[in-house]
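Have a look at the structure below, then the notes.
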Amino acid sequence: MEVPVTRYPRALVVLHWLVALLIVAAWFTGEGGRSVRVNPPVLHFAFGLSVLALVVPRLAIRLVRGAPALPETMSPLMKAAAKLGHGVFYLFMIGLPLSGWYAASRMGVPVSILGYTLPNLTSAVQGPAGLIGDLHEKGGTIILILAGLHVLIALWHHFVLRDGLLKRMSFSA
Ligand code: HEM
Ligand code: HEM
């Protein structure tokens, strides 16, 4: 008899927690405006680019192995909201690093990771990065707020609904 999948594959669990840490680290190491040109936040670039690099295998595993079905106790509306929310996170995990990389290129700041300098995404301009930089900065704050909401929802499932949702994303067997 086929056993129903009730938890995320281990690889996705590892990637989930690693990427969560990287996003928080990218947020704390972010710099805005002038100081980016004077003293490029190399750690910020490295953390953010790691998010971009890891989202590729993460999406691939997610598409091939799928996510476990959500608890039957959740209403169709809540299930749809959860899927939408997770999809929004994926968009941010791709859009944020790319917009940051683009903003850095506009500022003429070379972007490197582990000693490798990446190509510029656009030509440099005088002055601030403009709209793309603003969108990136706002996006960086929005993803952190969404992550906070996501944590509250996870805790709600764990302590109030007690439907074992947190266990689906835990390392234990
Ligand atoms: C998940 C990944 C990322 C998050 C959460 C994030 C978050 C942020 C935040 C919150 C700021 C504003 C900091 C402040 O004003 O004090 C910022 C600025 C910036 N970030 Fe990121 N970032 C990410 C990835 C990247 C990447 C990969 C790059 C470049 C390769 C990058 C380049 C920049 C640049 C150039 C700015 C300054 C923009 C400006 O002043 O117009 N970021 N980032
Ligand atoms: C920046 C931080 C975070 C991001 C971007 C994030 C993103 C995601 C995404 C996209 C999923 C869907 C699964 C997937 O497709 O990989 C997910 C699931 C999950 N996350 Fe997070 N997460 C973050 C932090 C946290 C934290 C701190 C907790 C702890 C309470 C948490 C608890 C969970 C749980 C329990 C699930 C499983 C939900 C389910 O069963 O469908 N996440 N997260």
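Just so you know, these numbers come straight off a predicted model, no measurement behind them. First listed ligand is number 1; within each ligand, the first listed atom is number 1. We count residues from 1, following the sequence as given. The figures that follow rest on heavy atoms only: side chains count, while hydrogens, waters and symmetry mates do not.
Using a 4.0 Å cut-off to heavy atoms of Gly133, the atoms of ligand 1 that qualify are 41 (O). Counting atoms of ligand 1 from 1 in the listed order, those under 4.0 Å from a heavy atom of Val36 are 35 (C), 37 (C). Listed by number with element, the atoms of ligand 2 under 4.0 Å from a non-hydrogen atom of Leu166 are 30 (C), 35 (C). Applying the 4.0 Å criterion to heavy atoms of Ala104 picks out, from ligand 1, the atoms 35 (C). Remark: ligand 1 atoms within the under-4.0 Å shell around heavy atoms of Gly32 are 13 (C), 14 (C), 15 (O), 16 (O), 40 (O). Listed by number with element, the atoms of ligand 1 under 4.0 Å from a non-hydrogen atom of Leu49 are 27 (C). Close approach of ligand 1 to Val111 (heavy-atom distance below 4.0 Å) involves ligand atoms 30 (C). Close contacts of ligand 1 with Trp27, meaning ligand atoms under 4.0 Å from a residue heavy atom, involve 10 (C). Listed by atom number, the atoms of ligand 1 under 4.0 Å from Trp101 heavy atoms are 28 (C), 29 (C), 30 (C).
For the pair Trp17 and Met169, the minimum side-chain heavy-atom distance is below 4.5 Å. Side chains of Leu54 and Leu22 form a contact here, defined as non-hydrogen atoms less than 4.5 Å apart. By the 4.5 Å heavy-atom criterion applied to side chains, Val13 and Phe171 are counted as neighbours. Two residues are said to be in side-chain contact when any heavy atoms from C-beta on lie closer than 4.5 Å; Ile23 and Leu96 fail this criterion. Counting heavy atoms from C-beta on, the side chains of Pro71 and Asp163 come closer than 4.5 Å.
For Trp101, the side-chain contact (heavy atoms from CB on, under 4.5 Å) partners two or more places apart in sequence, or in a different chain, are Leu49, Leu52, Leu98, Ser105, Val111, Leu118, Pro119, Leu121.
Here the straight-line distance linking atom CG of Leu165 with atom CG of Leu155 works out to 11.0 Å at 0.5 Å rounding. Note that the CD atom of Glu31 and the CG atom of Leu43 stand 10.5 Å from one another [nearest 0.5 Å]. Atom-to-atom distance recorded for Leu59:CG and Ile94:CD1 is 5.5 Å, nearest 0.5 angstrom.
Checked by atom type and distance alone, the side chain of Arg106 never pairs as donor or acceptor with a backbone atom of Gly127 at under 3.5 Å. With Arg58 contributing its side chain and Val51 its backbone, the two residues share no donor-acceptor pair below 3.5 Å. Although no hydrogens or angles enter the test, the distance criterion places a donor-acceptor pair under 3.5 Å between the side chain of Arg168 and the main chain of Pro68. Although no hydrogens or angles enter the test, the distance criterion places a donor-acceptor pair under 3.5 Å between the side chain of Arg7 and the main chain of Lys167.
The protein atom (non-hydrogen) at minimum distance from atom 40 (O) of ligand 2 is Arg168 NE, 2.3 Å. Among all protein heavy atoms, the one lying closest to atom 11 (C) of ligand 2 is His86 CD2, 3.7 Å. For atom 38 (C) of ligand 2, the closest non-hydrogen atom on the protein side is Leu165 CD2, 3.9 Å.
The part of Arg62 lying near ligand 2 is the side chain, judged by heavy-atom distances below 4.0 Å. With a 4.0 Å cut-off on non-hydrogen atoms, Ile23 touches ligand 2 through its side chain and not its backbone.
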**OP:** Show your working on side chain to side chain contact (heavy atoms under 4.5 Å, CB included) between Thr29 and Phe45 and close with a plain yes or no.
**Re:** CA-CA 9 Å; Thr29 50; Phe45 296 165; over 6 Å; no
**OP:** Please step through side chain to side chain contact (heavy atoms under 4.5 Å, CB included) for the pair Ile61 and Leu15, ending with a clear verdict.
**Re:** CA-CA 10 Å; Ile61 300 169; Leu15 286 169; 4.1 Å; yes
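A salt bridge links Glu72 with Lys79: the closest approach of a Lys/Arg side-chain nitrogen to an acidic carboxylate oxygen falls below 4.0 angstrom.
Note on residues 110-144: no pairs pass ring pair (Phe, Tyr, Trp, His ring centres under 6.0 Å), not counting sequence neighbours.
Classified by interplanar angle (parallel below 30°, tilted 30° to 60°, perpendicular above 60°), the ring pair His86/His150 is perpendicular.
Considering each of Arg106, Glu31, Arg34, the one bringing a non-hydrogen atom nearest atom 36 (C) of ligand 1 is Glu31. Counting heavy atoms only, Trp17 comes closest to atom 29 (C) of ligand 2 of the residues Tyr8, Trp17, Phe92.
Distances from ligand 2 to the non-hydrogen atoms of Leu70 include at least one value under 4.0 Å. For the ligand labelled ligand 2, residue Arg58 lies inside the 4.0 Å heavy-atom shell.
At most 12 non-hydrogen atoms from other residues, nucleotides or ligands lie less than 6.0 angstrom from CZ of Phe28.
Only protein N, O or S atoms were considered, and those under 2.8 Å from atom 21 (Fe) of ligand 2 are His16 NE2, His150 NE2. Excluding water, every protein N/O/S atom under 2.8 Å from atom 21 (Fe) of ligand 1 is given here by residue and atom: His44 NE2, His136 NE2.
Ligand 1 has a nitrogen or oxygen under 3.5 angstrom from a nitrogen or oxygen of Gly33.
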